[in-house]
Chemist: 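Structure below; questions to follow.
Below, chains carry the letters A, B, ... as their sequence lines are ordered, and counting in each starts from 1.
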Amino acid sequence: MIVEGSVLPIPRANIDTDQIIPAHYLTRIDADGMGEHLFEGMPDGVHLMALHPGASIIVTGENFGCGSSREHAAWALLGRGFKAVIAPSFARIFHENAYNNGVVPVILPQETVDELMGARSIAIDVAGETLRADSGAPIPFALDPLRKQFVLGGGFLKYLNSKIADVRAWEAAR
Amino acid sequence: MRKQVRRSLFDKVWDAHVVEELPGGNALVFMDLVVAHEITTPPGAIAIEKEFGDKLYEPDRIVAMIDHVAPAKDAATALQAQTVRTWAKRQGIRFHDIGNNGICHVLVPERGYVSPGMTVCCGDSHTCTLGALGAFALGIGTTAQAGAMLAGCLILQRPKVMRIEITGELPPDATAKDLTLSVIATIGFRGGTGYVLEYTGSAVRALNMEQRMTLCNMAIEAGATTGIIASDATTAAYLAATPGAPTNWTALQADDDAEYAATVTIDGNAIRPVVSWGTNPGECSPVDGIVPFDAPAESLAYMDLQPGQALRSIAIDQAFIGSCTNSRIGDLRAAAAVLQGQQVSVPTIITPGSQAVRRQAEKEGLHDIFQDAGALWTHSSCGPCLGMSMGVLAAGTRCVSSSNRNFPGRMGDGGRVHLAAPAVVAASAILGRIASPAEIQAREVVLA
């Protein structure tokens with residue numbers, strides 16, 4: 001699985017989920033309709049998006065996705081065509097939400113992220129855990145080996161469903 | 001001889017809930033309770049209905065409520081509430097509808113649904129609040145919550161544990177809110193990432209249960225997985241007084257000399273009433289102080305503040321007392337003590353954390369004090385804290401708030417938020433600028 005596209009650079013740390021998708025849009029019972037409001041909560045969000053039309057990979061600073069647990073942040077990214085986020089670190093809940101929704105969360109050192117901010121296009125080999133910016137050399141990264149399968153093939157709930165008998169046995173013996 | 005492993009409080013709760021170790025350092029961790037509210041639950045409940053025949057692991061391990069937008073403000077939020085309402089009824093899930101509801105992190109402990117040693121999850125980041133009762137309680141996304149409802153478990157990486165000892169005792173004018181903001185300022189806005197914060201020390205033991213909830217509530221604002229506090233006589237007395245009055249729990253403490261990945265010591269005697277000036281909760285300073293000269297320019301640009309400006313010179317447009325951080329009866333009493341016999345000079349919204357808190361406040365006559373002062377006394381809701389209903393800010397306006405997040409746009413697009421304790425919010429509401437409760441007392445002396 002190769003995720004390839006142009007870059008939306010957000011050269012700041014601590015982009016919280018209220019900035020990614022403001023709470024007043026969280027009024028649906030499904031995961032749809034979030035993409036059109038992506039980054040509306042970020043003071044320069046709409047402007048940044050207009051500067052980088054068609055981008056599908058975000059490169060940003062530390063602690064991306066902090067704050068509210070709203071999975072709507074991952075749904076908003078997907079709804080607007082974003083398939084990956086590259087950052088030095090992610091907030092815990094967003095990190096898991098990204099995996100569960102097939103948004104590839106790539107963690108790389110700050111220096112590497114700084115260099116990637118200027119890239120025109122990035123190609124991410126998810127299975128192989130390497131990426132290539134423009135015509136540069138491959139850059140390795142690491143994904144959680146268990147959660148990687150949810151990015152490649154979905155199936156988080158199916159996986160947990162397969163564990164129910166084990167859980168019931170554990171609980172009975174508790 | 002094999003060395004005895006000395007375990008933290010968190011380690012003990014975690015170890016007692018691991019069903020299975022999974023690849024990549026993950027574990028399948030059993031959840032004793034799943035809390036479900038109307039904003040984040042419906043997509044997960046619908047996914048289980050469509051893909052797995054509406055089968056839940058154990059409906060008795062779920063408690064649901066309407067809390068964020070209560071009552072519904074429009075057709076869309078009405079559908080969210082109705083989806084949770086019909087789902088809970090169909091599944092036989094304990095459900096707290098409007099009238100009998102509350103903010104989940106206020107209602108769940110006050111009903112006695114959580115006790116020490118439990119694991120709890122909810123599609124809400126402030127679930128860490130419940131760590132005050134010695135539970136491992138964490139916020140998760142909608143899909144993870146659905147997994148916990150379907151299979152009784154979360155998949156988690158084992159967090160590290162940071163011991164945060166608060167020594168001494170808090171000064172009389174410093175509150176748990178000031179303490180939790182000071183902890184974030186000390187370890188940093190993302191300093192807790194990857195950790196559980198295990199709060200201990202004399203100043204923590206001296207807190208009552210509501211104050212411990214305020215402390216744990218903002219662990220997420222330091223990036224932490226959650227906070228947790230050992231159970232003691234305060235915990236036991238609190239639980240015994242709840243309607244659920246759980247008895248099948250045992251007190252848990254860390255072993256002496258337990259090993260921690262990190263240790264932080266903070267002098268409780270030095271905690272001052274603080275207020276935030278920036279755009280994350282770690283950006284705060286004593287109310288009597290100034291905007292720091294090294295404050296990030298980006299934060300100050302959004303907040304329209306200058307370095308060196310006295311915090312007490314900042315005029316406000318609105319005041320809010322409420323949210324899962326500071327909306328319990330003790331918070332309302334603290335606000336009432338300041339507002340008694342005074343008049344607010346800006347729109348002031350006071351929102352109790354649950355309908356039970358509201359009724360208790362009215363028994364004590366607090367609602368008369370608030371309304372005599374010109375404040376709006378509402379029913380329970382998450383309210384304007386997240387900019388969703390009941391007091392959303394206009395762009396460019398400034399609110400001093402007892403809530404938990406001062407992120408750009410949090411309480412309304414372009415709105416500016418200053419976080420503080422309820423007494424500071426009340427004093428600010430009276431003077432129309434950021435103010436300390438001592439100023440109101442001093443004014444009384446002069447007037448007398």
Chemist: What are the two closest non-hydrogen atoms of B:Met388 and A:Leu26, and how far apart are they?
Modeler: CE-O, 3.4 Å
Chemist: Does any heavy atom of chain A fall under 4.5 Å from the side chain of B:Phe52, the backbone, both, or neither of them?
Modeler: side chain
Chemist: For chain B, which residues from residues 123-143 of chain A have at least one heavy atom closer than 4.5 Å to it?
Modeler: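 Checking residues 123-143 of chain A against chain B gives no residue, so none.
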Chemist: Highest number of heavy-atom pairs under 4.5 Å with chain B: which of A:Ile164, A:Ile29, A:Asp18?
Modeler: A:Ile29
Chemist: If you count heavy-atom pairs within less than 4.5 Å of chain A, which of B:Lys73, B:Glu58, B:His126 leads?
Modeler: B:Glu58
Chemist: May I ask you to name which of A:Lys148, A:Glu40, A:Glu62 has the most heavy-atom pairs under 4.5 Å with chain B?
Modeler: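 Winner by heavy-atom pair count: A:Glu62.
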Chemist: Any chance you could measure B:Ile155, atom CD1, to A:Leu160, atom CG, to the nearest 0.5 Å?
Modeler: 4.5 Å
Chemist: Find the one option among B:Ile220, B:Leu154, B:Ile140, B:Leu156 whose heavy-atom pairs under 4.5 Å with chain A are most numerous.
Modeler: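 Counting heavy-atom pairs under 4.5 Å, the top option is B:Ile140.
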Chemist: Is the shortest heavy-atom distance from the side chain of A:Lys163 to the side chain of B:Leu22 under 4.5 Å?
Modeler: yes
Chemist: Going from CD1 on B:Ile39 to NE2 on A:His72, what distance comes out if it is rounded to the nearest 0.5 angstrom?
Modeler: 7.5 Å
Chemist: Where do B:Arg405 and A:Gly67 come nearest, in terms of heavy atoms and distance?
Modeler: NH2-C, 3.2 Å
Chemist: For the atom pair CD (B:Glu221) and CG (A:Asp16), what is the distance rounded to the nearest 0.5 Å?
Modeler: 9.5 Å
Chemist: Using modelled atom types only, decide if a donor and an acceptor are shared between the side chain of A:Arg92 and the backbone of B:Pro159 within a distance under 3.5 Å.
Modeler: no
Chemist: Starting at OG of B:Ser125, measure out to CZ of A:Arg70 and round the result to the nearest 0.5 Å.
Modeler: 8.0 Å
Chemist: Please identify, among B:Ala72, B:Gly414, B:Gly24, B:Pro408, the residue contributing the most non-hydrogen atom pairs under 4.5 Å to chain A.
Modeler: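 Ranked by heavy-atom pairs under 4.5 Å with chain A, first place is B:Pro408.
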Chemist: Quick check for you: among B:Gly147, B:Gly152, B:Gly139, B:Gly123, which has the greatest number of heavy-atom pairs under 4.5 Å with chain A?
Modeler: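 Top option by heavy-atom pairs under 4.5 Å: B:Gly139.
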Chemist: Begin with the C-alpha distance, continue with both residues' side-chain angles, and end with the deciding distance and a verdict on side chain to side chain contact (heavy atoms under 4.5 Å, CB included) for A:Asp166 and B:Leu28.
Modeler: CA-CA 10 Å; A:Asp166 295 349; B:Leu28 197 59; 5.6 Å; no
Chemist: Is chain A contacted by the side chain of B:Gln145, its backbone, both, or neither, given a heavy-atom distance below 4.5 Å?
Modeler: neither
Chemist: So for B:Val18, is it side chain, backbone, both, or neither that comes closer than 4.5 Å to the heavy atoms of chain A?
Modeler: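 Just its backbone gets close to chain A.
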Chemist: State, to 0.1 Å, how close B:Ala144 and A:Glu96 come at their nearest heavy-atom pair, and which atoms those are.
Modeler: CB-OE2, 3.3 Å
Chemist: So, taking the atom named OG1 in B:Thr142 and the one named CG in A:Asn100, what distance separates them when rounded to the nearest 0.5 Å?
Modeler: 10.5 Å
Chemist: Please table the atom pairs, donor to acceptor, closer than 3.5 Å between any side-chain atom in residues 41-50 of chain A and protein atoms at least two apart or in another chain.
Modeler:
residue	atom	partner	partner atom	Å
A:Asp44	OD1	A:Arg12	NH2	3.0
A:Asp44	OD2	A:Arg12	NH1	3.1

Chemist: Only distances under 3.5 Å count here; give the side-chain donor-acceptor pairs of residues 44-51 of chain B to other protein atoms, sequence neighbours excluded, each with its distance to 0.1 Å.
Modeler:
none

Chemist: Given that the side chain runs from C-beta out, which part of A:Asp144 has a heavy atom under 4.5 Å from chain B: side chain, backbone, both or neither?
Modeler: side chain
Chemist: Counting only non-hydrogen atoms closer than 4.5 Å, does A:Asn97 touch chain B with its backbone (N, CA, C, O), its side chain (CB onward), both, or neither?
Modeler: side chain
Chemist: Measure the spacing between CZ of B:Arg190 and CG of A:Asn14 and express it to the nearest 0.5 Å.
Modeler: 4.5 Å
Chemist: Any donor-acceptor pair under 3.5 Å linking the side chain of A:Arg28 with the backbone of B:Gln80?
Modeler: no
Chemist: So which of B:Ala148, B:Gly25, B:Pro43 has the largest heavy-atom pair count under 4.5 angstrom toward chain A?
Modeler: B:Pro43
Chemist: What part of A:Lys158 is in contact with chain B, defined as an atom under 4.5 angstrom from a non-hydrogen atom: side chain, backbone, both or neither?
Modeler: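 When you check distances to chain B, atoms from both the backbone and side chain of A:Lys158 fall under 4.5 Å.
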Chemist: Can you confirm whether the side chains of A:Glu71 and B:Thr143 place a donor and an acceptor under 3.5 Å from each other?
Modeler: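 Per modelled atom types, A:Glu71 and B:Thr143 side chains form a pair under 3.5 Å.
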Chemist: For chain A, find which of B:Leu138, B:Asp413, B:Asn26 contributes the most heavy-atom pairs closer than 4.5 angstrom.
Modeler: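 Top option by heavy-atom pairs under 4.5 Å: B:Asn26.
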Chemist: Less than 4.5 Å to any heavy atom of chain A: does that hold for the side chain of B:Glu20, its backbone, both, or neither?
Modeler: side chain
Chemist: Should A:Cys66 and B:Phe189 be marked as a side chain to side chain contact (heavy atoms under 4.5 Å, CB included) after you check the CA-CA gap, both sets of side-chain angles, and the distance that decides it?
Modeler: CA-CA 10 Å; A:Cys66 59; B:Phe189 175 55; 3.8 Å; yes
Chemist: Sort out for me which of A:Trp75, A:Tyr25, A:Phe94 touches chain B most, counting heavy-atom pairs under 4.5 Å.
Modeler: A:Trp75
Chemist: Sub-4.5 Å heavy-atom contacts with chain B: which residues of residues 167-174 of chain A show up?
Modeler: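 Checking residues 167-174 of chain A against chain B gives A:Val167, A:Arg168, A:Trp170, A:Glu171, A:Arg174.
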Chemist: Under a 4.5 Å heavy-atom cut-off, does chain A meet the side chain of B:Leu386, its backbone, both or neither?
Modeler: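 Both parts, backbone and side chain.
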